[in-house]
Each structure stands twice: as structure tokens, then as C-alpha cells.
Colleague: 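Input: one structure, supplied below.
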Amino acid sequence: MSFEHKLLLAIANNVGTPVYVYDKDRIVAQINRLKTAFKNLPYQLHYAMKANENPEILKIIKENHLGVDAVSVNEIKHALSLGFDKNQIIFTPSCPSEADLAFAFSHDIHVHIGAVEYFDFILKSFPHKAVGLRINPDTKIAGNQKIATAHYNSKFGIPVTQLNLIKKYLNAGLKVDSLHLHTGSDVKTWHDLARSAEVLMDFSKHFPDLKYLDLGSGFKVKYHPSDTEIDLQAYAGFLQKSLKSFNRDIQLKFEPGKFIVSNAGVLLVKVNVVKQGYNKKFIGVNSGFHHLIRPMYYDAYHQIVNLSNTSVPTQTYDVVGVLCEEDTFAYNRELSPVQKDDILMIENAGAYGYVMASQYNLQSLPAQVLIEGNDYRQI
Ligand SMILES: Cc1ncc(COP(=O)(O)O)c(C=O)c1O
């Protein structure tokens, strides 16, 4: 399934640029791929709403019967305001305040606790609440250091070496009904995910009253043409086997963000200028890291297509933005020859795109559009 270029050009023309464009059918197709892969598992999906929390995107998530994973009180409030039931929301905050935790507990939202240092507060203020524990399995496997969240030096989760301390709190009355891990984004092979899952299953031996194991996400999508997507069927097969030998009545949860929305979105930008440097040709577009920060922050590769000229790519450019500092979308990229006012499509921008945008340099935020079938509307 690919975006129809004529439609994208019409959107750029009518709505203006820069504009994020999402396609509902592609989102639903990705959800269905997950449902197909996991169909033989006892599982539930909680969309990581941080990836894209536009209300219209969340409506699609809800229509398809997924829950959400929230990471802030405002995300919880947002999900509740859109009609998600409190049982469909899980809360996986990083270093939250006690007030954040109190909000979640008092709204009956299930919380994943990522530090033993919160246990005294929980026992004192919410002694009857059962919590989930986010474990750090010490497996460094994500695609990039900035999105690796389960390694020895990571701030996330409780080190497995703190088991004895956890046991002390269990004896003191702490109720633990689930375990969680998230190894990071962009995990290249299912074997890596499986390794973390094994650590969690092994750790769960010490917790007799578990309702679920939450295995997070990290499901890679294809950014570079040479990338391979994660083999979800193989991962699901591994989990099915493991659950059999695990032999406990337990549910699995997954928290996919990127897999659901990333390739369902593109960012359309307009060429302000094509300029010659000493040694390079630059395409200056009406955007920058204030709209899409992934190429600069994660060194992420995003495909770029010149929608205004789809001839064979023959020219090499650096694609840069309008900010007062380095904001390069692509270095030495071969594109079809580009002229002022051409519209470029930056692919795979549906996840961690608009949500990470800012108004740095007092620039405006991009518009957002949802395609539904042959129609589109601003959202
Ligand atoms: C706790 C947690 N769950 C799920 C996700 C979603 O990961 P992805 O977008 O790679 O699917 C993240 C992403 O950072 C996360 O921190």
C-alpha cells in the first residue's frame, strides 16, 4: 500500500505545507497485522499513545478495540476524555512524581512502577493497590542508544539484582500483579525481544499472583530500503511455546506505537530554495527539526521523494530546514532533480513526528490531515 501522489499534492496545495498526512487504512492494516501475528496467544494490545496522540488517531485505535499505554497524567486524561475505559489504560511513567502516581491510583489506572524507591509511598498512601513492576532485564538491544531502555546503564526499570529488596516489600504487604519490560524501539530481530521475554518469565517465578506479563514493544519498521521488519510471526511462535512450558494462567500485553502509525504517516514539505554551497547542493525546505526531529536526534533515515518530479533520481543533495542551526533531514541523498516550490514527501513520519514538534525559532507547527478512503480532512 503506498500513498497516492496525486492526492498528496492536492493536500499540499489545498491545506498548505508543512503538513503531516496520515492514512486510516494503513493504520488499520498495521493493527490487523499485529492481531494476525498474535492470534494464538492470550494477549491484549495497548497502543503507546506517545507515538501519536492526535484524537482522531486515538479514535481509530479505540474503534479497533485496543487499549492505550500512557506515560503522563495528561496522556491518561486525554485517553479518558476520548472515552477509553480506565481498564483499557495502563500507566508506564518514567520517574513520575508521587502526585502523578496518586492521580493514577485514585482513578483506578493500573501503574507500572519502575523504581523500588516508590514502594514506601505506595504502602503508606495506597496500601490496597496492586501494582505492576517495570523490570530492567539488562539486555542492550534497541536500534539506537537514545531509544535503548533496558540496558545496564539505563534509567528505566528495576534492576533484576534488586529482587531481595522487592521480596522484603512483598513481605511488608506490597501487592504485585504484573511485570513489565520495554527493551526500546527499533529492535532488529525477534530473538532480541525473546531474550528479554525469557528474563521476565524467569523473574516472574518469584511472583505467584501475576495477572499479566507486559512485554512492551520495540517492533521495528522499515525506514531504510535495506531494513528488514521484525518477524512478528516467529516472535509469536516463540512466545506460544514459552507460555506452554511456563504453564501459568497468564495474559500477555504488548505496547506497540511505531509499528501501528509510523508508515501510516508522511510529512509534506515545500522547497524554499535550492542553493549551491562550496561542494554541495542544498535543498532548503520549509521545515526542520521543530517538525520532525528523528533524523537529527536519532540519526534516523527517512525516505524522501520529490512528488513534483518523479523522474529517476539523478542528483545528490543535502536536505535541510529553516532553523538557525544544523537541521539536516538527509545527507548526500539522491533525488529526482528538485526546483523551488517542489513538494517533498518525508516517509515514515506517523510516529514520533508531530508529537515531538515544537515552535523553536517561533516557527509554526505543521497542519495534520487524515485520509479516509478517497477523502481527507484536517485533524
Ligand atoms: C514503555 C514503552 N512502551 C511502548 C513504547 C512504544 O515503542 P515503539 O514505538 O517502538 O513501539 C515505548 C516507546 O518509547 C515505551 O517507552
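Start at 1 and go down the list; that is how both ligands and their atoms are numbered.
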Colleague: With salt bridge (Lys or Arg N to Asp or Glu O under 4.0 Å) as the test, pick out the partner of K220 among D231, D186, D192.
Modeller: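 Exactly one option meets the salt bridge (Lys or Arg N to Asp or Glu O under 4.0 Å) with K220, and it is D186.
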Colleague: Hey, could you give me each pair passing ring pair (Phe, Tyr, Trp, His ring centres under 6.0 Å) that has a residue in residues 327-355? Not counting sequence neighbours.
Modeller: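 The answer is none; no pair qualifies.
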Colleague: For F282, what are the other residues in its hydrophobic cluster, where any two members join if their side-chain heavy atoms are less than 4.5 angstrom apart?
Modeller: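 Listed partners: V320.
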Colleague: Is the ring pair F38/F254 parallel, tilted or perpendicular, if the boundaries are 30 and 60 degrees?
Modeller: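 F38 vs F254 ring planes: parallel.
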Colleague: Can you find a heavy atom in the side chain of D214 that is under 4.5 Å from one in the side chain of H46?
Modeller: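 A side-chain contact is absent here, since even the closest heavy-atom pair is not under 4.5 Å.
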Colleague: Please output the residues near ligand 1 using a strict heavy-atom distance under 4.0 Å, listed in chain and residue-number order.
Modeller: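 Lining ligand 1: A48, K50, D69, T92, R134, H182, S185, S217, G218, E255, P256, G257, K258, Y352.
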Colleague: Once ring-ring contact (aromatic ring centres under 6.0 Å, His included) is applied, do any residues pair with F203, and if so which ones, sequence neighbours excluded?
Modeller: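 Scan of F203 (ring-ring contact (aromatic ring centres under 6.0 Å, His included), adjacent residues dropped) gives F207.
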